[in-house]
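Because the structure is a prediction, the values reported are computed rather than measured. We name chains A, B, ... by the order of the sequence lines, and we start the count at 1 in each one.
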Protein chains: 2
Amino acid sequence: MKRGSNMPAVGTYNQTLVLDMIRRSPSGVSRIELAELTGLSAQTLSNVARRLTEADLIVEGERVVAGPGKPRTLLRLNRSARFAVGIHLDPSIDTFVVLDLSGSIVAHMETPPEDTDSTPDLIAALAESTNTLLRSADVPPDRVLGIGIAVPGPIDDATGMLLTPPLLPNWHHTRVRDLLSEATGLPVVVEKDVVAAMVGELWADADHALRDAALLYYGAGVGLGVAIDGDAVRGRTGNAGDIAHLLIDPSGPLCQCGQHGCLGVTVAPERLLLEAGVTASLDIPWGARRAAIDDLRTRAQDGDARSLAVCAHAAEVLARAIVLTNNMLDAGTFVIGGPVWSRLSEVLEPTLRALLPAIAQITTTRPLRLVEARLGTDLAAAGAACLVLDGAFTARASDLMISAS
Amino acid sequence: MKRGSNMPAVGTYNQTLVLDMIRRSPSGVSRIELAELTGLSAQTLSNVARRLTEADLIVEGERVVAGPGKPRTLLRLNRSARFAVGIHLDPSIDTFVVLDLSGSIVAHMETPPEDTDSTPDLIAALAESTNTLLRSADVPPDRVLGIGIAVPGPIDDATGMLLTPPLLPNWHHTRVRDLLSEATGLPVVVEKDVVAAMVGELWADADHALRDAALLYYGAGVGLGVAIDGDAVRGRTGNAGDIAHLLIDPSGPLCQCGQHGCLGVTVAPERLLLEAGVTASLDIPWGARRAAIDDLRTRAQDGDARSLAVCAHAAEVLARAIVLTNNMLDAGTFVIGGPVWSRLSEVLEPTLRALLPAIAQITTTRPLRLVEARLGTDLAAAGAACLVLDGAFTARASDLMISAS
């Protein structure tokens, strides 16, 4: 429900907006430029800049002489003013990162998933890894805003619970948000991996190139992130982004849904590895997957015909999925990333890019723009940390509304 | 790019918001209720209500005694304060409607499409129909805000031009926005039919049930409208909503894209009519289609096995399309409408609703809610008029931003 607006709401919004613009300007920005960008008066901007400086969120940088008149003082983000922890729970590896306020990764750790279905043990392991990482990075505890966790869906957004993610049986029906918050004393947010990834790419989108965009996430599964007008789309229940059953290749492998050639099953990494002859079975230990995927890439780069064919087919399937979803969303820009994509992009990306304009179903009126995810392999974990930063420091028009009492 | 906010922007926004709430309350709403809904102070609300009354946009209605204290005066929309024209260009029929400020259709006209590729003749015919309809409805010209036109895509949103909609060859590359505006002296907006339909359903969404929703449009083609946070998704180029090539039935008919069983070709009305034996060919004159579709419905209702099977299959294909798109968007609520749907809903809807929960690809965590389009057969035309009303009278957070000079 929309609400009215008043002056206190405007004050808070303007302050967040100015911080937003300063952090998206890595080389700094002057008060005069900010006035032009925001439309705010010089007086308002001076007040806002003073409050942000007092809160230690920004610092005054060098003075720049540009033409006649007073030199301009550049305002810069104090990147170490706040930090956030991001965790990505994945069947093959749990990733932990600490991000500073600029969205840069300042600490990184990977652990094999705990082999237990004991909820207390699972939570204790997450809490211990989090604390170890924060200590190792010398992050002052009072500057940590909270923890974001990215998980495969489905989730229950109201309770921050994982429901029944097929590849994470140990976590089924675990209230990870509340339990990890109790264990660490920090606020915790839980989101689907693709939503977190989209939020992460938006956080440091300096030129607002992704205000309307989609993100193809290629990891243990394939998913879609969607951004509309600068915000990630979460969906009614926080479970947007499931494209696993888009039917792409009717002559492809049988999916558990009963159809042949759904997107997810067709480009599942274990399927590619088997078809390329890298492995002899679909049942690959999670710990052995990274090396096997690297092996597939190397074989394709070395000209192995079977690996090349498998990669070409996977690239075509992904290209078709991009075309179908872009027809629906008219996003115009697709970010591609995720742990499997990062390992295979060198062999998938040229084919995918070449095929895209030739796919007969394409209905876009302008060429699709493809970009690599800024956050690379750590896309979901870093995105999870950005959920925390975004909640605290992104200027949203909804901040302009009087909050419900 | 986001902008700052200041008091004048807040004043305009609050006024539009209050009008928004009054028009979504058909039985009227008191100042005290508005204060609770919006969070605005009694003083601010009195000022806003006075300005809206002076502008003749609202009227004071009856006084209601509710418990102790002063009786409350209900504020109501003055529905006749403004009007908008909506036009839907379709291969089989051109529809013209006039809507009042409440979103109710006060005048309606249908004409067979002009059989010419002369742009001046096409535009002159639209202008003449518009003027005829406005005169017949006794709408004062100074109360007409403008004309909205809903068209099949693709469009060029920058120039308001139809590009190459396959079923409207006469209109290819016609700058309908500027030309119709010149011919009528009214502002004109052009949108894709599915976007217009979504805007129309949102305009009178009294209980905000559609803030996040999707709309399956079933007419000469099938398309998808999407609403996120109360706004219709237009896409980067205004061409969102193309789901024609979602692959649904690999054993289905050959699509022009080269695949078998794309959504669009599988449920194309001419295909259903041929398979049910209602017609003997796919090449049905546009003017004969409505009667033929009514015939298909009647046959199915009379228990004709072939017609029943065709309708059951079409319902299943539509259900699968809903599941696939909802998996992506997690919309939760689907509106279904459009001219073909309106004629067949009695025979499609029960099957579709029954099949939905049983489709194996479903990943929603709550039951999908299906609702019939409020605007019925005139969905696209009325939605087109709502584009005009929406542009003038929907409170948007972006109104709170200082406009770029």
Among I228(B), L247(B), T333(B), residue most engaged with chain A (heavy-atom pairs, under 4.5 Å):
L247(B)
Could you list which of residues 358-370 of chain A have a heavy atom closer than 4.5 Å to any heavy atom of chain B, in residue-number order?
A360(A), Q361(A), T363(A), T365(A), R366(A)
Which answer fits E36(A), side chain, backbone, both or neither, if we ask what part of it has an atom under 4.5 Å from a heavy atom of chain B?
backbone
Sorted by chain and number, sequence neighbours left out, side chain to side chain contact (heavy atoms under 4.5 Å, CB included) with A321(B) holds for I248(B), L263(B)
Which atoms of I155(B) approach chain A - backbone, side chain, both or neither, heavy atom under 4.5 Å
backbone
L246(A) versus chain B, heavy atoms under 4.5 Å apart: side chain, backbone, both or neither?
both
Side chain, backbone, both or neither: which part of R320(A) has an atom under 4.5 Å from a heavy atom of chain B?
side chain
Relative to chain B, which segment of L34(A) carries a heavy atom at a distance below 4.5 Å: side chain, backbone, both, or neither?
neither
Greatest number of heavy atom pairs closer than 4.5 Å to chain A - which of M328(B), Q259(B), H245(B)
M328(B)
Checking heavy atoms, do the side chain of V226(A), its backbone, both or neither come under 4.5 Å from chain B?
neither
Is there a donor-acceptor pair under 3.5 Å between the side chain of D229(B) and the backbone N or O of D231(B)?
no
Under 4.5 Å from a heavy atom of chain B, the part of N14(A) involved
side chain
Looking at L40(B), T237(B), N239(B), L17(B), which one has more heavy-atom pairs under 4.5 Å with chain A than the rest?
T237(B)
